[in-house]
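Along the sequence shown, the residues carry numbers beginning at 1.
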Amino acid sequence: MSRPPQVRLRKPPPRVKAPVAKRKPALAAKRKGAKGKKRPSLLRQLGLGFAIIAVFIAALPSAVLLCFALLPTMCAFMVDRLPQRYATRCVGALNFAGTWPYLLNLWRGGHTMVNAVQIMIDPTTWLVIYGAAAAGWLCFLSFPAVTWALMDLFAGRRIGHLRREQKKLIEEWGEDVARAPIQPMV
């Protein structure tokens with residue numbers, strides 16, 4: 001039996017480190033997210049987390065009320081995939097507007113957990129807060145259709161106006177005006 005010929009493996013060339021100037025963009029690209037946006041640093045994220053915890057502890061009744069009241073806004077944030085976050089903005093604005101009177105009542109009536117629970121066990125509170133959030137969803141879902149309908153209406157009116165103007169020009173200048181090629185105005 002003969003032996004198979006030995007295959008010599010070529011040694012890969014040694015890796016040469018890129019100069020510092022060329023490595024910096026690569027490091028910056030690693031720090032950026034999927035869409036090219038720069039991610040916040042770990043220190044900033046930790047600082048924001050500690051600030052939220054501190055506010056939560058300092059204003060616990062308000063934080064508890066807001067956590068339950070702004071659930072529709074949190075859901076809209078998770079569902080919304082547009083970069084501008086239009087659903088979150090619509091729902092969040094109206095949801096917070098519905099929550100604001102009850103938050104003021106909590107602050108005026110004594111900022112305690114007892115008052116926060118009293119506000120939260122009232123069904124009218126949830127009807128107003130979640131009704132305002134539902135109005136935000138309604139705005140988000142209906143405004144584009146309303147906008148398109150209005151644009152279509154205005155475009156139709158503009159077309160009618162331009163046709164009347166064209167008839168006046170044809171009466172004044174003759175039929176050749178309507179058939180003449182459009183000349184660039186340069």
**Report entry** side chain to side chain donor-acceptor pair (under 3.5 Å) contacts touching residues 53-70 (sequence neighbours left out)
**Finding:** S62-W107, S62-H111
Query raised in the report: When rounded to the nearest 0.5 angstrom, what distance separates OG1 in T73 from CE in M78?
Result: 10.5 Å
Query - Cluster check L82, L141: I/L/V/M/F/W/Y, side chain < 4.5 angstrom - result: yes
Query raised in the report: Would you call K168-E171 a salt bridge at under 4.0 Å N-O?
Result: no
**Report entry** Common cluster, V91/L66, ILVMFWY with side-chain heavy-atom separation under 4.5 Å
**Finding:** no
**Report entry** W137 with Y86, same ILVMFWY side-chain cluster at under 4.5 Å
**Finding:** yes
Report summary line: Separation between OG1 (T99) and OH (Y130), nearest 0.5 Å, reads 8.5 Å
Report summary line: dist N95:CG -> M74:CE (nearest 0.5 Å) comes out at 9.0 Å
Query raised in the report: Any idea how W100 and F96 line up, ring-wise: parallel (<30°), tilted (30 to 60°), or perpendicular (>60°)?
Result: tilted
Requested in this report: Verify the neighbour count for atom CG of L43: are there more than 12 heavy atoms of other residues, nucleotides or ligands below 6.0 Å?
Outcome: no
Report summary line: Heavy atoms of V128 and Y102 approach each other most closely as CG2-OH, 3.4 Å
**Report entry** Cluster overlap L65 with L60, hydrophobic side-chain contacts below 4.5 Å
**Finding:** yes
Query raised in the report: Does some side-chain heavy atom of F56 sit less than 4.5 Å from a side-chain heavy atom of C67?
Result: yes
Query raised in the report: Out of curiosity, does I119 fall in the hydrophobic cluster containing L104 (side-chain heavy atoms, cut-off under 4.5 Å, transitive links)?
Result: yes
Query - Linked hydrophobic residues, I170 as query - side chain contacts closer than 4.5 Å - result: none
Query - Shortest non-hydrogen contact between P72 and A133, atoms and distance - result: CB-CB, 3.6 Å
Query raised in the report: Rounded to the nearest 0.5 Å, how far does OG1 of T112 lie from CD of Q118?
Result: 8.5 Å
Requested in this report: Output, in order, the C-alpha distance, side-chain angles, deciding distance and verdict of side chain to side chain contact (heavy atoms under 4.5 Å, CB included) for M120 and W126.
Outcome: CA-CA 8 Å; M120 289 172 37; W126 298 113; 3.9 Å; yes
Report summary line: Rounding to 0.5 Å, atoms CG (D80) and OG1 (T88) come to a distance of 4.0 Å
Query raised in the report: Taking it one step at a time, do I129 and F68 satisfy side chain to side chain contact (heavy atoms under 4.5 Å, CB included)?
Result: CA-CA 10 Å; I129 290 172; F68 286 108; over 6 Å; no
Query raised in the report: So, for A87 and A76, which heavy atoms are closest and what is the spacing to 0.1 Å?
Result: O-CB, 4.2 Å
Query raised in the report: Does any non-hydrogen side-chain atom of R164 lie less than 4.5 Å from one of K167?
Result: no
Query raised in the report: Where do L94 and C139 come nearest, in terms of heavy atoms and distance?
Result: CD1-SG, 4.0 Å
**Report entry** Working for side chain to side chain contact (heavy atoms under 4.5 Å, CB included), residues Q45 and L48
**Finding:** CA-CA 5 Å; Q45 288 177 345; L48 183 63; 5.8 Å; no
Requested in this report: Find the distance between CG (L162) and CZ (R157) and round it off to the nearest 0.5 Å.
Outcome: 12.5 Å
Query raised in the report: Heavy atoms, side chains only, cut-off 4.5 Å: are R89 and F140 in contact?
Result: no
